[in-house]
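Structure first, then comments.
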Amino acid sequence: MGAVQAVRVAVISDVHGNLPALRAVLDEIATLPDVDLIVCCGDTASGPLPGATVDLVSSVERLVSVRGNADRAAVASFDGDADADIHEDDLWTGRQLTRPQRDWLAALPETVTVDVDGLGAVLFCHGTPRRDDEIVLEGTPETEVAAMVDGIDESVVVCGNTHMQFDRTVGGKRLVNAGSVGWAYGEPGAHWVLLGPDVEMRRTLYDREAAAEELRRASSWPRLELFVERILMGPISAADATAAFEAAAQR
């Protein structure tokens, strides 16, 4: 799609089916002045409440989304794609989706460009501009990052995927990670970013005990208790998450 014009942009990413966290962030965004667009950097569905989360994201006015690797896998699961590399979580997610929810995910573009006041043209993606599952971290060597953003015209790139916020500049390109709304590493809460006229890292606190009870009532996700214990009630540290992602990137 062509570039969209916006004054201020709220960026959410990696909701991962955590509906209570998403509602809290959307409620906070609604109180802010001049936010005329929300961009979602993908991985909306995969988690405790995939269908309801897709329904809410897809219903928000002035919201555009890109596709995440987990979104792609959920669609492949729904379709019964025997050639796709589908994990157990993706298989479960695909079985929870309705046809309209599947079709919304399948239609998402890989990237979106928005002209943001004070920042200019900003490219939004999930992993990197070249791959939705590529891992880039705050400490990824500059030579590797330069290759990830090589050939793009935009001076700012906003991504997700690793669930940890950062803001770094490499070779004249500013690379921002919005963090994760629903599966944050590091400080507890729902993490997101506000753009325009600069970059502001945001964190929305919500009642995680109430969220856990809601998810227990409404979700049949096999990994729910592990998610509640390790993500909702005891967030994984950024250092531990970084070490795991660095090991995955090397593989």
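Model, not experiment: these values are computed from the prediction.
- R99 meets the salt bridge (charged side-chain N to carboxylate O under 4.0 Å, His left out) test with D103; sequence neighbours excluded.
- The side-chain hydrogen bond (donor to acceptor under 3.5 Å, both in side chains) search around S58 returns none, not counting sequence neighbours.
- A side chain to side chain donor-acceptor pair (under 3.5 Å) check over residues 226-242, counting only residues at least two apart or in different chains, returns the pairs S237-D240.
- Applying the under-4.5 Å side-chain rule to Ile, Leu, Val, Met, Phe, Trp and Tyr, the cluster around F166 extends to L123, V136, V145, M148, V149, I152, V157, V170, L175.
- Residues passing the salt bridge (charged side-chain N to carboxylate O under 4.0 Å, His left out) test with D153, sequence neighbours excluded: none.
- Looking at residues two or more places apart in sequence or on another chain, you find no side-chain hydrogen bond (donor to acceptor under 3.5 Å, both in side chains) involving T169.
- Among residues two or more places apart in sequence or in another chain, the salt bridge (charged side-chain N to carboxylate O under 4.0 Å, His left out) test is passed with D132 by R67, R72.
- For residues 14-64, the set of pairs meeting the ring-ring contact (aromatic ring centres under 6.0 Å, His included) definition, not counting sequence neighbours, comprises H16-H163, H16-W183.
- Screening residues 21-35 for side chain to side chain donor-acceptor pair (under 3.5 Å), with sequence neighbours left out, gives R23-E214, E28-R202, E28-T204.
- A salt bridge (Lys or Arg N to Asp or Glu O under 4.0 Å) check over residues 37-65, counting only residues at least two apart or in different chains, returns nothing.
- Remark: R203 engages no residue in a salt bridge (charged side-chain N to carboxylate O under 4.0 Å, His left out) (not counting sequence neighbours).
- Annotation: salt bridge (Lys or Arg N to Asp or Glu O under 4.0 Å) contacts involving residues 174-191, sequence neighbours excluded, comprise D167-R174, R174-D198.
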